[in-house]
Structures are given as C-alpha cells and as structure tokens.
Amino acid sequence: MRSERSEDYLDLRLGQFLKIADLVGSGGEAKMVIQAGLVAVNGQTETRRGRHLQRQDTVTYRNSTVSVEEVLQTIEERQFS
C-alpha cells in the first residue's frame with residue numbers, strides 16, 4: 001500500500017477511463033470489451049477492468065490510442081473554462 005501519493009499516482013481504473021475518454025458508452029460496455037481482450041494499455045492486452053492507470057499510460061481500443069495525460073488535461077481545461 002502507498003503511504004504517500006505521488007503526482008503520477010491516480011485513483012483511476014481502466015473501466016472508468018474508457019468511459020471518461022468516450023471510448024465506450026457505459027460501464028457495462030467497458031467491462032465487456034476489456035474482458036474480451038479488446039483493450040490494450042501501453043501496447044499490452046489488458047483484461048483487468050480494475051487496473052490502475054498512471055498519467056504516462058496510453059490506452060488503445062478500436063484503433064484509437066488515447067493518452068491518459070491528454071484526457072486529464074482536457075478535463076482540467078473544461079473545469080477551469
């Protein structure tokens with residue numbers, strides 16, 4: 001367990017990220033595509049919906065590769081505009 005959280009640590013799981021990044025429409029869909037092996041994190045197939053992501057990770061689904069950092073920046077910009 002982490003005693004201190006670094007700036008790179010996120011409490012963001014793969015299933016949540018797919019929804020936030022608009023790659024899927026629902027949590028149920030996220031669960032299905034992850035379990036089917038259709039999602040990759042940093043180029044490696046990932047079947048764990050609860051995998052914790054880090055800012056430097058990239059997620060690929062349906063030929064779309066999305067940077068966690070870029071999605072987080074977009075969210076932050078929306079909050080402050």
Side-chain angles (χ1 to χ4, degrees):
M1 188 116 227
R2 296 173 195 250
S3 58
E4 293 182 31
R5 291 189 177 190
S6 71
E7 295 221 0
D8 287 336
Y9 177 78
L10 300 172
D11 191 20
L12 180 61
R13 294 187 171 103
L14 180 57
Q16 295 170 320
F17 179 78
L18 291 176
K19 292 185 297 181
I20 291 168
D22 290 328
L23 295 173
V24 297
S26 69
E29 183 181 358
K31 180 180 179 179
M32 289 189 315
V33 300
I34 294 168
Q35 287 180 341
L38 301 176
V39 178
V41 177
N42 301 327
Q44 300 293 316
T45 300
E46 183 58 69
T47 58
R48 297 173 296 154
R49 177 174 58 150
R51 174 184 172 151
H52 286 272
L53 298 175
Q54 297 181 16
R55 289 185 177 275
Q56 67 271 16
D57 289 338
T58 59
V59 176
T60 303
Y61 173 61
R62 288 191 172 174
N63 297 322
S64 294
T65 299
V66 181
S67 161
V68 172
E69 180 67 32
E70 289 176 7
V71 170
L72 293 175
Q73 286 178 353
T74 301
I75 292 168
E76 290 170 0
E77 289 171 4
R78 287 180 191 164
Q79 289 176 345
F80 295 113
S81 60

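Contact record, Val33 with Tyr61: CG1-OH, 3.2 Å, taken as the closest heavy-atom pair. Taking every heavy atom of both residues into account, Ala30 and Gly15 meet most closely at CB-O, 3.9 Å. Scanning both residues, Leu14 and Leu53, for their nearest heavy atoms gives CA-CD1, 4.0 Å. Between Arg55 and Leu72, the shortest heavy-atom distance links the atoms NH1-CD1, 3.4 Å. A pairwise comparison of heavy atoms in Gln54 and Gln56 identifies OE1-NE2, 2.6 Å as the closest pair.
Here the CZ atom belonging to Arg49 is positioned 9.5 Å from the CD atom belonging to Gln16, to the nearest 0.5 angstrom. The distance from the CG atom of Leu18 to the OG atom of Ser26 is 10.5 Å, given to the nearest 0.5 Å.
Under 3.5 Å, the side chains of Glu77 and Gln73 contain no donor-acceptor pair of N or O atoms.
Contacts classified as salt bridge (charged side-chain N to carboxylate O under 4.0 Å, His left out) and involving residues 30-47 (residues at least two apart or in different chains) are given here: Glu46-Arg48, Glu46-Arg51.
Two residues are said to be in side-chain contact when any heavy atoms from C-beta on lie closer than 4.5 Å; Gln35 and Thr47 fail this criterion.
No more than 12 heavy atoms of other residues, nucleotides or ligands lie within 6.0 Å of CD in Glu70, so this atom counts as exposed by the packing criterion.
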Side-chain donor-acceptor distances from residues 37-44 under 3.5 Å, at least two apart:
{"from": "Asn42", "atom 1": "OD1", "to": "Thr58", "atom 2": "N", "distance (Å)": "2.9"}
{"from": "Asn42", "atom 1": "ND2", "to": "Asp57", "atom 2": "OD1", "distance (Å)": "2.8"}

_Derivation of the side-chain contact (heavy atoms from CB on, under 4.5 Å) call for Thr65 and Val59_ = CA-CA 6 Å; Thr65 299; Val59 176; over 6 Å; no

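Placement of Leu23 and Met32 in two distinct hydrophobic clusters is found when ILVMFWY residues are connected by side-chain heavy-atom separations under 4.5 Å, directly or transitively.
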